[in-house]
Amino acid sequence: MLLSTFLCTIFYTSTYPIIYKTIMSTVHKNFISINQIVTCSSIILFNSIWNKHSNRLFKYFPVLCILEMLCTIVVATYISINKSSITSFYILDTLICVVVTRNIICGGNRLKALRYSNPSKRERFDNSNNSYASLATIIGASIAIVLEMDFITMVWIAAFGNCIDNILYIIVYKNLVKESKNGKKNTN
């Protein structure tokens, strides 16, 4: 999970200065406000749903990760074909974020809770995770300073980083499920 945080953060912080600069200089302020409203509403809605149905929803975590990878690739392909449609990209990216990514975040919270059920282990994980994210942000921001790539290239690099992140999450999920099954078999 720490490797996922580290790699994803490098990809994110090295590409998103260009992506956000392009979006914020192109998209109307009302879309940005709507994005905030929809995103926060999604957080409230899906956190509530996961709080009630986490046991049932968690088994779909890998499917959500795969769905996000596919959606990200489709949107990157779309923006590559329709280069002038930054607003459409922003709307599609927001929709993926509020539906799929939000559920992955909720599932990731459950994954962390199950994997680090001991408060001391969870505290060490959270502290290490913050340190890895900060180091990766320093590296990614430094890369962003020297990168001189266009918006489309940055979208593809970010999509690649997102896919790596989700693949690593699926691996962690599968290992956790396998450990859980082996633990149950060993106790019988």
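Worth saying up front: this structure is predicted, and the values here are computed from it rather than measured.
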Does [Y] offer a backbone N or O that forms a donor-acceptor pair with the side chain of [X] under 3.5 Å?
X: N130; Y: D126; result: yes
X: S48; Y: I44; result: no
X: S25; Y: T22; result: yes
X: S14; Y: G140; result: no

State the [atom1]-[atom2] distance between [X] and [Y], to the nearest 0.5 angstrom.
X: T153; Y: E148; atom1: OG1; atom2: CD; answer: 12.0 Å
X: I104; Y: C97; atom1: CD1; atom2: SG; answer: 10.0 Å
X: L3; Y: I171; atom1: CG; atom2: CD1; answer: 9.0 Å
X: T5; Y: Y132; atom1: OG1; atom2: OH; answer: 10.0 Å
X: N35; Y: T94; atom1: CG; atom2: OG1; answer: 3.5 Å
X: F11; Y: I143; atom1: CZ; atom2: CD1; answer: 8.5 Å

Heavy-atom side-chain proximity of [X] to [Y] below 4.5 angstrom:
X: E123; Y: N118; answer: no
X: Y116; Y: R124; answer: no
X: F58; Y: C106; answer: no
X: T87; Y: H28; answer: no
X: N175; Y: R115; answer: no
X: I18; Y: M149; answer: no
X: F151; Y: I86; answer: yes
X: F6; Y: L168; answer: no

Measure the acute angle between the ring planes of Y173 and F61, then classify it against the limits of 30° and 60° as parallel, tilted or perpendicular.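 Ring orientation of Y173 relative to F61: tilted.
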Are more than 12 heavy atoms, taken from residues, nucleotides or ligands other than Y60, located less than 6.0 Å from that residue's OH atom? no
Return yes if a side-chain donor-acceptor contact under 3.5 Å exists between W50 and N109, otherwise no.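 Looking only at side-chain atoms, N109 and W50 do not form any donor-acceptor pair under 3.5 Å.
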Please confirm whether R102 makes a cation-pi placement over F46, using NZ or CZ under 6.0 Å from the six-membered ring centre and within 45° of the ring normal. no
Given W156, which of T15, I79, T77 fulfils the side chain to side chain contact (heavy atoms under 4.5 Å, CB included) condition?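 Per the side chain to side chain contact (heavy atoms under 4.5 Å, CB included) rule, the option paired with W156 is T77, out of T15, I79, T77.
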Would you say the rings of Y90 and F31 are close, in the sense that their centroids are separated by under 6.0 Å?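 Aromatic pair excluded; centres sit 6.0 Å or further apart.
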